[in-house]
**Q** 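For reference, the structure I am asking about is given below.
Any value given below was found using the heavy atoms of this structure, including those in side chains, with hydrogens, waters and symmetry copies removed. Here the structure is a predicted model, which means the values were calculated and not measured.
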Amino acid sequence: MGMKKIYGLIWFLIFCTLFEWGVARNLSFYGLVPGSSVGQLQAVQRLIDGQTDEELAEIRWLVLGDSQSRDGIRPRLVAKELGCSPQSILNLSINAGKPTDFAYFLEEVLPRLPHLEGVLISVNEHYFDRQSIRFDGKFRFLASFQERMMVPGPERQADLLLSKIFYTYGMEKQWWETIKYIWSELGTGGLSVPKQEGIGGLPPVTQEAAGGKSYDYARRLASSWMTDFRLGEPETFVLEEILDQLKERELAVALIHLPKTPLLEGMIRREYPQQEQDFIRYLNHLAKLYQFSFYRDWTLMGGDCFRDANHVNYKGARILAPQIGRILESM
């Protein structure tokens with residue numbers, strides 16, 4: 001092999017290494033698009049890092065969950081019901097959040113919360129969809145080798161194993177979308193990273209999705225959650241690890257299953273009765289095993305309390321606030 005080819009190979013390997021660690025494995029890079037699947041993780045990290053030690057010391061309760069709890073559990077509304085400072089509640093819920101994300105946040109934030117009293121965990125059916133987990137950018141970024149090998153199917157396991165070794169391969173969809181976003185923003189005059197305002201967590205989404213309360217939308221959502229529903233795999237394993245960790249720290253814990261529109265809830269019960277029964281049975285089992293409370297009975301809400309089939313709007317959040325307040329008081 002000629003020296004030019006050797007030098008070319010060396011420079012290629014240097015470029016690949018720099019790209020792997022400077023882009024593909026760099027959470028700050030994905031954070032340039034804070035609304036993206038992986039960028040949310042960096043957005044939450046900024047929110048935590050932006051608070052002083054004195055502000056962090058005020059936090060008494062953590063909320064972990066997905067977009068349902070991000071929209072439905074609003075610290076300012078709940079704090080008003082409790083008669084306390086909104087700073088005492090930190091909602092770390094993110095879009096499509098799952099236990100692997102919760103574990104990451106807890107590792108980052110628990111050592112910095114000296115006066116934490118309890119953790120509220122919102123658990124939903126989509127956490128246990130084994131088909132979509134392979135394509136979840138957050139899982140591909142955060143999951144350990146052990147968690148990846150718990151995903152069934154040799155093809156999926158091989159893909160996830162290789163994606164752990166080479167993030168340039170495993171995160172290709174995510175880093176490419178981020179690069180395209182950066183390019184388009186620079187073309188319009190510059191790139192700006194939105195500043196996280198206030199306290200309490202990521203802001204709720206308030207815009208109603210077109211057709212979000214329709215029968216077809218609810219049916220597609222129910223199918224995507226329940227068709228490949230399966231317990232006993234990575235997210236189940238991580239959720240139980242989290243509960244072990246919180247119990248060891250002697251923190252109060254409550255599990256909650258937030259409401260959806262009557263249309264979506266009825267559809268799940270009707271079309272996927274066995275999966276839903278298994279899901280509720282599992283949460284009751286966890287509550288009994290760890291001696292935590294599990295809440296799933298809420299004040300009935302009509303369609304005007306939701307912005308789509310499974311996310312409450314401001315009106316719905318106001319109805320939930322006193323109920324969440326009572327749960328935190330009991331903790």
Side-chain angles (χ1 to χ4, degrees), residues 35 40 44 61-84 86 88-98 101-102 118-127 197-222 224-226 254-270 276 279-280 283 293-331:
Q40 296 176 99
V44 171
W61 296 285
L62 277 183
V63 180
L64 301 171
D66 58 4
S67 54
Q68 281 188 239
S69 49
R70 178 202 61 203
D71 292 356
I73 302 176
R74 306 193 186 188
R76 294 188 184 278
L77 293 178
V78 177
K80 186 176 180 181
E81 295 292 334
L82 289 172
C84 65
S88 63
I89 305 169
L90 178 58
N91 188 342
L92 297 180
S93 301
I94 60 173
N95 191 45
K98 293 182 176 66
D101 312 318
F102 308 162
V119 180
L120 190 63
I121 304 178
S122 174
V123 185
N124 278 306
E125 293 89 343
H126 72 84
Y127 295 5
E197 297 181 357
I199 58 177
L202 298 182
V205 173
T206 57
Q207 185 176 0
E208 293 198 4
K213 298 179 187 178
S214 68
Y215 179 88
D216 287 341
Y217 182 91
R219 185 160 197 167
R220 287 195 302 271
L221 195 61
S224 69
W225 288 359
M226 310 304 289
L255 303 176
I256 60 172
H257 183 222
L258 289 171
K260 312 169 189 66
T261 58
L263 172 64
L264 179 56
E265 289 193 343
M267 190 171 294
I268 290 175
R269 284 195 304 268
R270 209 169 42 248
E276 185 68 0
F279 172 72
I280 298 300
L283 294 186
S293 297
F294 169 44
Y295 298 90
R296 58 186 292 251
D297 296 321
W298 310 94
T299 299
L300 292 177
M301 292 188 282
D304 62 333
C305 295
F306 292 83
R307 66 176 179 85
D308 62 18
N310 62 311
H311 297 98
V312 298
N313 53 25
Y314 182 75
K315 180 178 180 179
R318 286 188 62 184
I319 294 174
L320 282 176
Q323 300 172 80
I324 298 297
R326 287 193 291 271
I327 293 172
L328 294 183
E329 281 184 328
S330 72
M331 293 165 63

**Q** Decide side-chain contact (heavy atoms from CB on, under 4.5 Å) for L120 and W61; before the verdict, give the C-alpha distance in whole Å, the side-chain angles of both, and the deciding distance to 0.1 Å.
**A** CA-CA 7 Å; L120 190 63; W61 296 285; over 6 Å; no

**Q** Which pair of heavy atoms, one from N313 and one from R74, lies closest together, and at what distance?
**A** C-NH2, 3.6 Å

**Q** Under a 3.5 Å distance rule, please check whether K315 uses its side chain to pair with a backbone N or O of D304 as donor and acceptor.
**A** no

**Q** With a 6.0 Å cut-off (strictly less than), is the heavy-atom count around CD of E329, excluding the residue itself, greater than 12?
**A** yes

**Q** Answer yes if the side chains of S93 and N91 hold a donor-acceptor pair under 3.5 Å, and no otherwise.
**A**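 Yes, a side-chain donor-acceptor pair sits under 3.5 Å.
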
**Q** Rounded to the nearest 0.5 Å, what separates atom CZ in R220 from atom CE in M267?
**A** 10.5 Å

**Q** Go through W298 and I256 one step at a time and tell me if the side-chain contact (heavy atoms from CB on, under 4.5 Å) criterion holds.
**A** CA-CA 10 Å; W298 310 94; I256 60 172; 4.0 Å; yes

**Q** Is there a side-chain contact (heavy atoms from CB on, under 4.5 Å) between I89 and L328 once you walk through the steps?
**A** CA-CA 10 Å; I89 305 169; L328 294 183; 4.1 Å; yes

**Q** Nearest 0.5 Å, what's the CG-OH distance between L258 and Y295?
**A** 13.0 Å

**Q** Quick check: closest heavy atoms across G65 and S69, and the distance to 0.1 Å?
**A**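 Looking at all heavy atoms of both residues, the shortest contact is CA-OG, 3.2 Å.
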
**Q** I'd like to know if the side chain of R307 and the backbone of V205 have a donor-acceptor N/O pair within less than 3.5 Å.
**A** yes

**Q** Using every non-hydrogen atom in the two residues, find where K213 and D308 come nearest and quote the distance to one decimal.
**A**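 So the two residues come closest at CG-CA, 3.9 Å.
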
**Q** Might you point out which heavy atoms bring K260 and A309 nearest each other, and give the distance in Å?
**A** CB-O, 3.6 Å

**Q** For W225, which residues count as a ring pair (Phe, Tyr, Trp, His ring centres under 6.0 Å) partner, sequence neighbours excluded?
**A**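 Ring pair (Phe, Tyr, Trp, His ring centres under 6.0 Å) check on W225 returns H126.
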
**Q** Closest heavy-atom contact between A254 and M331?
**A** CB-SD, 3.9 Å

**Q** For E81, enumerate each residue passing the side chain to side chain contact (heavy atoms under 4.5 Å, CB included) test, keeping only those at least two apart in sequence or located in another chain.
**A**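 Per chain and number, E81 pairs via side chain to side chain contact (heavy atoms under 4.5 Å, CB included) with A321, P322.
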
**Q** At what distance, to the nearest 0.5 angstrom, does CZ of F306 lie from CG of D71?
**A**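 Here the interatomic distance stands at 11.0 Å.
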
